[in-house]
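Structure, as structure tokens:
Only a predicted model underlies this, so the values are computations on that prediction, with no experimental measurement involved.
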Amino acid sequence: MTLTGSLSLLDELLSSSEHIAYRLDFVRGGYDFISPRAANLLGIALADLHARGWELLDEHWVGDDRERCFAELVSLCAAAPGRSLSTRLEYRLRDAAGNMTWYCDSMTVLSDISGRPLTACGIAVDVTLQREQEKALRDSEEKYRATMDAAQVGVFILQDYKFSYVNPKLLAMFGYRDKELLNTHGPQALVIAEQHEFLIGKMRRRGAGEVSEPYELTGLRKDGSTFPMMVMGRPWPIGGRPASVGTLIDLSAQRQIEQALKESSNRYAALFEGAQDAIVVADIDTGHLIDANVEAELLFLRPRENLIGMSFAALHPPALTAAYKEAYTRHIRAGRGGPDEMQIVTADGDIVDVEISTNVIETAGRQRLIQGVFRNITQRKLTEAQLSLAARVFESSQEAIIITDARAVIISVNPALSGMTGYAAEEVIGRMLPFLGSDRQSAEFYSTMWKTLNDEGRWQGEVWNKRKNGEIYPVELTISVYRGASGRVLNYVGIESDISERLAAQENIRQLAYYDPLTRLPNRTLLQDRVEQALAAAEREGKQVAVCFIDLDHFKVINDSLGHSAGDQILVQVSQRLLDCIRRRDTVARLGGDEFVVLLSEITPDSAAEVARKILAAVARPFNIERHELSVTPSLGISLFPQDGRDFESLLKYADVAMYRAKESGRNAFQFFASDMNIAALERLVLENRLRQGLERGEFILHYQPQINVATGRIVGAEALIRWQHPEIGMVSPGKFIPVAELSGLIGPLGDWVLREACRQNRAWQIAGLPSICIAVNVSSVQFRGGRLEESVREVLAETGLPAECLELELTEGTLMSDAKATVDALQRLSAMNIRLAIDDFGTGYSSLSYLKRFPIDRLKIDQSFVRDIVTDPDDWAIASAIISMGHSLRLKVIAEGVEHANQLEMLAHQGCDEVQGYHLSFPLPAEEFAELLQQQTFASQVRQQSFDMGD
């Protein structure tokens, strides 16, 4: 039964009682409930009693009964504030007709913590008759006996502490027959043993003439059962002897009503406080909360005392108040409403989604209340959003999703599956999951897959599926099992991705990781793996393995002159020629640049030499590249397992050492590794380390070789030449350390030092008052192509203060012809700085005259190889003459280097060469000695003599 039903039943019970039952609210002055009989007796409308009944009784009280009773209640509540207490009050009221009625009121009162009465409930019993009976008994016991016999309450007379009269009601109340109690039993027989002393004390005081208030005892029936009763009595001497008369009222019905009220209230409180939803109760008329449960405190983040008194509208965001007010109005009209989705605002200002159901309640006092049940649906909303998102993901996912039942029958697929397989959804649903599979996986594969799936709940792997058009394609498949609470399989969910592109990318990555992208030959990583496998096999079988290191001779010249595209074409053709020279079980690899390695397994030294000769012959054949017929030759070094080394790194290193010996012996040859080669390689390594230390320690100096004007004999310039003064091994020849610097990458920082030191020294000579000359500095291809030459030159000139026209940069033909177009741009920027530019070693490279005329060059420098035999070799004389003529025709100065004899100088002067330098005139000198030579200018007569002789 619901709480409302329980309260209605209780009201019906109280309404039908012969007594007046009530529930009084002292705070507002009205009755929450009062028996309709009271309204009839008092002539006051029941609605008025509910609304303000307490004050309406003022004219019905007799004497000071109202003040006396209320004072007793106040005193009682003050003695135990905040507690529920019971008491008995007797008072008089006049009915509508003006008749006075005595009432004995058994009342339970509740006070607040300050002791102020809040509510009271009880039953007021009309005891007017008893009062009259007592009066009648005083006049004549017999005269009123019939009345007492008819009384609906127990009536008794005691004399000498024994019953001298009991009425039928009292006998029936205790289960005795007529006269069983008279003159034989005292009142003790009618109460439980624990109350005997109390009762005896009462009787003694009454015998002494004391009038006591009504009190409650536990009645004891003849059959041993008990019941609550109220006793009222007073002294009443009969015949001059002490006696008393009293009444007993069975309170069982009242207690049942009170218990029902209590149980109903407890049930309501349990439901109210134990509810998992927030519940608030508000007065419809005022719109303010009058109660809230614990869940409401948690939902609104407010304690109950703060919630009570709040406006119902204040529970919602202000912007929504008007809309919600309209909804609540509909609920009130209908008596109930919802569930409706709304929003509430917490004490922290957070907005929370809730679902609200309402119920309208009307109390016995006609108070209209609205009870609201608030269910927090934030999680539900989140779940719905997640489900909606999952649905969108399912539909829009680029991965194919398949859902099956427990038998692996497909029940749902997403659009991506159709796009991937070519099957429409209706063609797939209802079919068994394996129908998409191909024949590439065996039955054992699928058996293992299903076993893993059912044992572990998940399987992931790569499989090959078949599209509708029959195409086989790879997918990455993940299948998950979804089980019910009992553990029974409900669904299988498969997600698959087409990994065709990924596998292709992986293969491409594998190619990039293990193969050279230009030649498609194995790279160093794959080569090492194959060498290690070959060595392991050779170790087991007692065989030999050869590692051949191949480097192309002067390949850089092709790159510098014709560009990298031509060089790449040669490398591709070289790769094919090398493959043509070996067996299928052998390997050709490219390490980078123009370096190749050939792995020969199960081979002898003689057969390795034979392969080497085939390689030399094959690579040396001309290449037709971009309408050019080009030739390159290889240098090849061979190391053997096990005699030269037992691991990849050792064999590769020793083959490299042997290759360098082949280059040193004239190139286009092969060499087997020998231990003395390793010694030479170690010496180069030591020299490289010393070179690095020398740069750090400042062990380098510059010598200066004068450049002399043939016409005047004066020194017009000097070439700065580096020298290395090692503190332990002495002066190291440039021919020994320059190649090491080039190979090790140290040529860059070494060249930067030369540039700075030469400019500093030239400026120092100028400051010392020596004749102004131009200092020539050789620039390596590393410096020129490094991208910082212009910046370095600007910094050095600014740092040293040397005028730009006093600096000349010498660049080789190979450096200039590498990417000639970019070279033109770089040279023009340098020339714009007023720096002089010269081509060094002219005639030894692959100069293009079309570019030469575009280069902003100031001087051509005839290589000493053409000057050395100019007197005896007509070809050298012709080349030198041609260079001088071409230079003059291009309006360039021409300087010859390597002039070591007077007759060489004579011929060059006769041909009109502008400037010369060489040992015949002066060796390269330290800065101090060169300064003296510059000051003296001792070459004038010597050079003029040569010119004069030629003139004769």
Side-chain angles (χ1 to χ4, degrees), residues 507 510-553 571-621 633-663 665 668-678 681:
E507 176 60 24
R510 193 181 79 84
Q511 287 289 328
L512 293 175
Y514 296 107
Y515 291 89
D516 172 53
L518 175 64
T519 63
R520 312 306 295 170
L521 295 177
N523 61 12
R524 181 187 178 99
T525 302
L526 184 55
L527 172 67
Q528 180 173 356
D529 180 68
R530 292 187 179 179
V531 169
E532 289 173 350
Q533 292 184 39
L535 296 183
E539 182 77 32
R540 291 192 303 270
E541 299 170 9
K543 301 291 181 64
Q544 287 182 305
V545 173
V547 173
C548 307
F549 198 108
I550 302 167
D551 184 88
L552 302 182
D553 302 327
L571 292 175
V572 172
Q573 293 188 32
V574 168
S575 302
Q576 187 57 52
R577 294 184 185 185
L578 292 177
L579 289 171
D580 294 340
C581 295
I582 64 170
R583 302 162 297 180
R584 292 180 61 86
R585 67 170 176 261
D586 298 329
T587 297
V588 177
R590 181 185 178 213
L591 297 188
D594 58 343
E595 295 179 340
F596 298 85
V597 173
V598 175
L599 166 65
L600 304 173
S601 58
E602 299 182 16
I603 200 165
T604 64
D606 289 342
S607 56
E610 182 61 28
V611 173
R613 281 189 283 271
K614 288 174 63 177
I615 291 174
L616 292 175
V619 175
R621 294 198 308 269
T633 57
S635 294
L636 190 149
I638 306 172
S639 63
L640 297 173
F641 169 87
Q643 53 265 50
D644 294 335
R646 306 187 67 87
D647 59 77
F648 169 74
E649 294 295 342
S650 298
L651 291 171
L652 187 65
K653 179 179 71 173
Y654 295 149
D656 186 23
V657 170
M659 182 272 295
Y660 273 106
R661 178 57 63 89
K663 282 186 178 292
S665 64
N668 194 22
F670 71 90
Q671 289 279 348
F672 281 94
F673 173 75
S675 59
D676 62 328
M677 296 180 184
N678 197 36

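Salt-bridge check for E649 with R524: passed, with a basic side-chain N closer than 4.0 Å to an acidic carboxylate O.
A heavy-atom distance below 4.5 Å is not found between the side chains of V588 and S575. Contact of the V598 side chain with the T587 side chain is not registered, since no non-hydrogen atoms from C-beta on lie closer than 4.5 Å. Side-chain contact check for L571 versus R590: some heavy-atom pair is nearer than 4.5 Å.
Heavy-atom minimum distance, D551 versus M659: CB-SD, 3.5 Å. Pairing each heavy atom of S635 with each of K663, the nearest pair is OG-CG, 3.3 Å. For the pair P642 and Q544, the tightest heavy-atom approach, listed with the atom from each and the gap, is CD-CG, 4.3 Å. The heavy-atom pair separating P634 from I615 by the smallest distance is CG-O, 4.3 Å. Of all heavy-atom pairs between L652 and F549, the closest is CD1-CD1, 3.8 Å. Closest approach of A538 to V545, counting heavy atoms only: CB-CG2, 3.7 Å.
Distance CZ/R530 to CG/L526: 4.5 Å, rounded to 0.5 Å. In this structure, the separation between CG on L521 and CG on L578 is 7.5 Å, given to the nearest 0.5 Å. Here the CD-CG distance, from Q528 to D647, works out to 9.0 Å after rounding to the nearest 0.5 Å. Note that CG of L527 and CG of D516 are 12.0 Å apart. Values are rounded to the nearest 0.5 Å. Between the CZ atom of F641 and the CG atom of L599 there is a distance of 11.5 Å, given to the nearest 0.5 Å. The distance from atom CZ of F648 to atom CD of E532, rounded to the nearest 0.5 Å, is 7.5 Å.
Not a single donor-acceptor pair under 3.5 Å links the side chain of S650 to the backbone N or O of G645. Looking at D586, its side chain does come within 3.5 Å of a backbone N or O of S601 through a donor-acceptor pair. Without hydrogens or angle criteria, R577 side chain to R621 main chain gives a donor-acceptor distance under 3.5 Å.
T633 and D553 form a side-chain donor-acceptor contact under 3.5 Å, judged by distance and modelled atom types alone.
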Between V597 and V531, does a side-chain contact (heavy atoms from CB on, under 4.5 Å) hold up when you go through it step by step?
CA-CA 11 Å; V597 173; V531 169; over 6 Å; no
Between L535 and L651, is the side-chain contact (heavy atoms from CB on, under 4.5 Å) condition met? List the steps.
CA-CA 11 Å; L535 296 183; L651 291 171; 3.8 Å; yes
Show the numbers, then the answer: is there a side-chain contact (heavy atoms from CB on, under 4.5 Å) between R613 and F670?
CA-CA 8 Å; R613 281 189 283 271; F670 71 90; 3.7 Å; yes
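Every residue was checked against the salt bridge (Lys or Arg N to Asp or Glu O under 4.0 Å) condition with D594, not counting sequence neighbours, and none meets it. Qualifying side-chain contact (heavy atoms from CB on, under 4.5 Å) partners for L640, counting only residues two or more places apart in sequence or in other chains: A546, P605, I638, Q643, D644, F672.
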